[in-house]
Amino acid sequence: MIWIKNNQFITLLIGVVFVCSILFVTNIVETNEAYNEIFINDGDTLWSLSDQYRGKIPKEAWIAEVMAANHLPTQMIQTGDVLKIPETLHQYAPDHGVELAGETE
């Protein structure tokens, strides 16, 4: 106890390093979710994409999850964007010209 009292700076430094380490490890564990990517074509909206990919998930819930995964402040997406879709939300890939990232023929 006397050592801690005499070395407050070192004790504080050890505590800060410990807390930062825990936060870093927690962040890594949370980001281990697998993602699929969807390329946005002309005319695509989150609402139309939810009809194609959401399966039985409610439309609003699917859109909210995709917005959170992509850090989107609004529902606006643009042609050429690539959206990350958490694998748990990706129910099926349509056969009408949409190609997932990494797919090759």
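Predicted model only: the values in this text are computed from it and were never measured. When reading the values below, keep in mind they use all heavy atoms of this one structure, side chains included, and skip hydrogens, waters and symmetry mates.
- Residues satisfying the side chain to side chain contact (heavy atoms under 4.5 Å, CB included) criterion with Asn7, sequence neighbours excluded, are Trp3, Ile10.
- Between Ile57 and Ala61, the shortest heavy-atom distance links the atoms CG2-CB, 4.2 Å.
- Using modelled atom types, one side-chain atom of Ser21 and one backbone atom of Val17 make a donor-acceptor pair closer than 3.5 Å.
- For the pair Asp44/Asn41, a side-chain contact is recorded, criterion being any heavy-atom separation below 4.5 Å from C-beta on.
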Carefully, step by step, assess Trp62 and Ile85 under the rule side-chain contact (heavy atoms from CB on, under 4.5 Å). CA-CA 9 Å; Trp62 188 90; Ile85 308 296; 4.0 Å; yes
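- A 6.0 Å sphere centred on CG of Asp42 holds no more than 12 heavy atoms belonging to other residues, nucleotides or ligands.
- Considering CG of Asn36 and CD1 of Ile38, their distance stands at 7.5 Å, rounded to 0.5 Å.
- In this structure the side chain of Leu83 reaches within 4.5 angstrom of the side chain of Leu49, judged on heavy atoms.
- Hydrophobic clustering, defined by side-chain heavy atoms of Ile, Leu, Val, Met, Phe, Trp and Tyr closer than 4.5 Å, groups Leu12 together with Val16.
- Rounded to the nearest 0.5 angstrom, Phe39 CZ and Thr79 OG1 are separated by 13.5 Å.
- Between atom CZ of residue Phe9 and atom CD1 of residue Ile14 there is a gap of 10.5 Å, rounded to the nearest 0.5 Å.
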Less than 3.5 Å apart, which donor and acceptor atoms pair up between the side chains of residues 63-74 and the rest of the protein, not counting sequence neighbours?
from: Asn70; atom 1: OD1; to: Lys84; atom 2: N; distance (Å): 2.8
from: Asn70; atom 1: ND2; to: Val66; atom 2: O; distance (Å): 2.8
from: Asn70; atom 1: ND2; to: Lys84; atom 2: O; distance (Å): 2.8
from: Thr74; atom 1: OG1; to: Met76; atom 2: N; distance (Å): 3.3

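- Between the CG atom of Asp51 and the CG atom of Leu46 there is a distance of 11.0 Å, given to the nearest 0.5 Å.
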